[in-house]
Number of protein chains: 2
Amino acid sequence: MSTDAPGRRQVTLRDVAQLAGVSVATASKAINGKAEVSPDTRRRVLDVAERLSFTPNALARAMLEGHTGTVGLLTHDLEGRFSLPILMGAEDAFGAGRSSVLLCDSRGDAIREQHHLSTLLGRRVDGLIVVGSQTDARPPLGRDLPVPVVYTYAPSTDPADASVVPDNVTAGRIAVEHLLATGRRRIAHVSGDITYAAATDRAAGADAALAEHGLERVGPVRYGSWSEAWGRSSVAALLEQDVDAIVCGSDQIARGVLDALHDRGVRVPDDVAVIGFDNWEPMIAGCRPALTSIDMNFQMMGRRAAERLFASLEGRDPGGVETVTPRVIVRESTGG
Amino acid sequence: MSTDAPGRRQVTLRDVAQLAGVSVATASKAINGKAEVSPDTRRRVLDVAERLSFTPNALARAMLEGHTGTVGLLTHDLEGRFSLPILMGAEDAFGAGRSSVLLCDSRGDAIREQHHLSTLLGRRVDGLIVVGSQTDARPPLGRDLPVPVVYTYAPSTDPADASVVPDNVTAGRIAVEHLLATGRRRIAHVSGDITYAAATDRAAGADAALAEHGLERVGPVRYGSWSEAWGRSSVAALLEQDVDAIVCGSDQIARGVLDALHDRGVRVPDDVAVIGFDNWEPMIAGCRPALTSIDMNFQMMGRRAAERLFASLEGRDPGGVETVTPRVIVRESTGG
DNA sequence: TAGCGTCCCGAAAAGCGTTTCGGTCACTTT
DNA sequence: AAAGTGACCGAAACGCTTTTCGGGACGCTA
């Protein structure tokens, strides 16, 4: 059994030392730029290391130093278009800080999550980031974990845990304020599944912004599903009253709404403005006219989660829930 | 500085042994189910281990055994909707085989890729999977790597390397054969960027299938971009001749085509059948009528890549390019 | 019952690859 | 000549598994 199919045994520091005619200790110092090595010895060691393409064994180093430079990323679903940007942001932040990411997908299954957790703990990750699949709070990973944990997208039910979540209330507020700023006054709202905190939070923020301007929403918030079909089919009801703007709970819903308005000959943005949430590129790309949308800054969330994890490692993260502020991306559908 | 902010030092096998009143060696054997331990000693050790929630240090074990149970996943873009399913499939296969995935995103940058490569090598991954961003071949990671590598989505330019790629030629063939089987004869083709092998390969397969039935494509293959806009704007030209089916290079293009056909009052599938590629759920979901599409089986590609990597580890992978066969998902747009 | 061989539980030690600490030795400075 | 300096080496340590080995219990024979 030739397990070493490609390129034999990994070359170790001892090999380098031996070939350079010095001790392992000296070789180590030479390679790590320590001072107590004469210039030509260093040069000789470095040459040999180069020639053997020596790569120090990070595992051995980790055992000494007590930390691995490795972080566990525990996600609930990899398909989700929300977890992806978060993952990117985190990977970005870690990459810069020379940490590597150990990725685990629990497929939304608590058993699998626990299994992955113990695997990661066994690999001695320095910390964990948990990416939820909904914005609703989730039970913490466990009590007395030996490493810090940052929850993102979905906060932990324990408010003392470190969580980084999107600010859906502010998102709703921003959407309405943008519409008001562009002269709209009669604003209706169609959203997704009412059991999602994202839907109700956005609606609450939108209503609050309206109230602050002495206005009221036109009609009820029409909750349904997060689909284009729902957006399309709800247009008839939305147009029963006189409206000049429609807030849509997601880009998909918005796209359905745009579609139905187009079919009915309602002009966007001239007759009605439309705004969505999530700023999901591939969905936006096909919209006619181009859709104004609230970007939840998911990538920033990932980055913040990573930063807070670093802070925790140094014992200087206070814990608690942090929200990431969304921003509006203005396009044609609100008459920019 | 209290680096150990949460829950002190990790508990080691020595702690367990000490508390159980046995030697480390005995504790090890008790925990790993080795034979030479008396039943009640084992029970005692196991109890203590449980109580301290002892987790064996995978790093220490890795140093002994010579392999880490860790695999590097080097992707070019995390946004890409193609790399995701591949990643899922691989994660799936590894999870089952108790390997963990170290994720690195090179953002399409060769420098970053090399940097990640050396990091992964330093962490002594057992193997590597490289996920490309286009189906065009890419230069291999490097010569004489100490671990096996499997390239996926984009094959390595070295045909001896192990690669797993989608079979775009067969995909084109399957699309046309499905249309022929449902009675279509006058088939046009609109596709994306001509510089993508995916576009030209699919067209080649489609033409070959037509030729085998003594037919010819209606009009040229209209290459453009992978966007809905291109699909929409090319419909006029496509309809200049009498067609009863349109093969679209991607689901996005197909959606644009459907949209434009709808606006012109052309009925789908009654007048014209439409078929796309990629079977991309969120894009498909909004189509009216529901879009028939060729699923490239990306998840399967990821799984196969993982399986071949395992095979390589055991020295029993022959290398070479392997294609994954796509399948047609029939929906309304082809009149199923 | 003493003496001998056998068996098995469990302790001790080696080894994985690296960093670091405490020496050693030769050479220079005062 | 004593002290100081610089360059290098040996060994310990990290946490675990594995191999080796010691010693106690047990069974058999005389």
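FYI, side chains are in, hydrogens and waters are out, and symmetry mates aren't considered; it's all heavy atoms of this structure. Letters A, B, ... mirror the listed sequences (proteins, then strands); counts begin at 1.
Between B:Arg123 and A:Leu59 the shortest heavy-atom distance is O-CD1, 3.3 Å. When all heavy atoms are compared, the tightest approach of B:Pro148 to B:Leu309 is O-CD1, 3.6 Å. When every heavy atom of A:Met301 is checked against every heavy atom of A:Val164, the shortest pair comes out as CE-O, 3.5 Å. Taking every heavy atom of both residues into account, B:Val321 and B:Pro155 meet most closely at CG2-CB, 4.5 Å.
Within residues 38-53 of chain B, no residue has a heavy atom under 4.0 Å from DNA chain D.
Here the CZ-CG distance, from A:Arg138 to A:Leu141, works out to 5.5 Å after rounding to the nearest 0.5 Å.
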Task: Nucleotide-resolved protein contact map, nucleotides 12-25 of chain D, B/S/- at heavy-atom distance under 4.0 Å - done: -BBBBBB-------

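If you check every strand for non-hydrogen atoms under 4.0 Å, A:Gly21 touches sugar and phosphate atoms only.
Look at B:Arg44 and B:Asp40 and you find no salt bridge, because none of the NZ, NE, NH1 or NH2 atoms lies under 4.0 Å from a carboxylate O.
The 12-atom threshold is exceeded at CE of B:Met88, counting heavy atoms of other residues, nucleotides or ligands nearer than 6.0 Å.
A:Gln134 and A:His76 are not linked by any side-chain donor-acceptor pair at a separation below 3.5 angstrom, with hydrogens and angles left out of the test.
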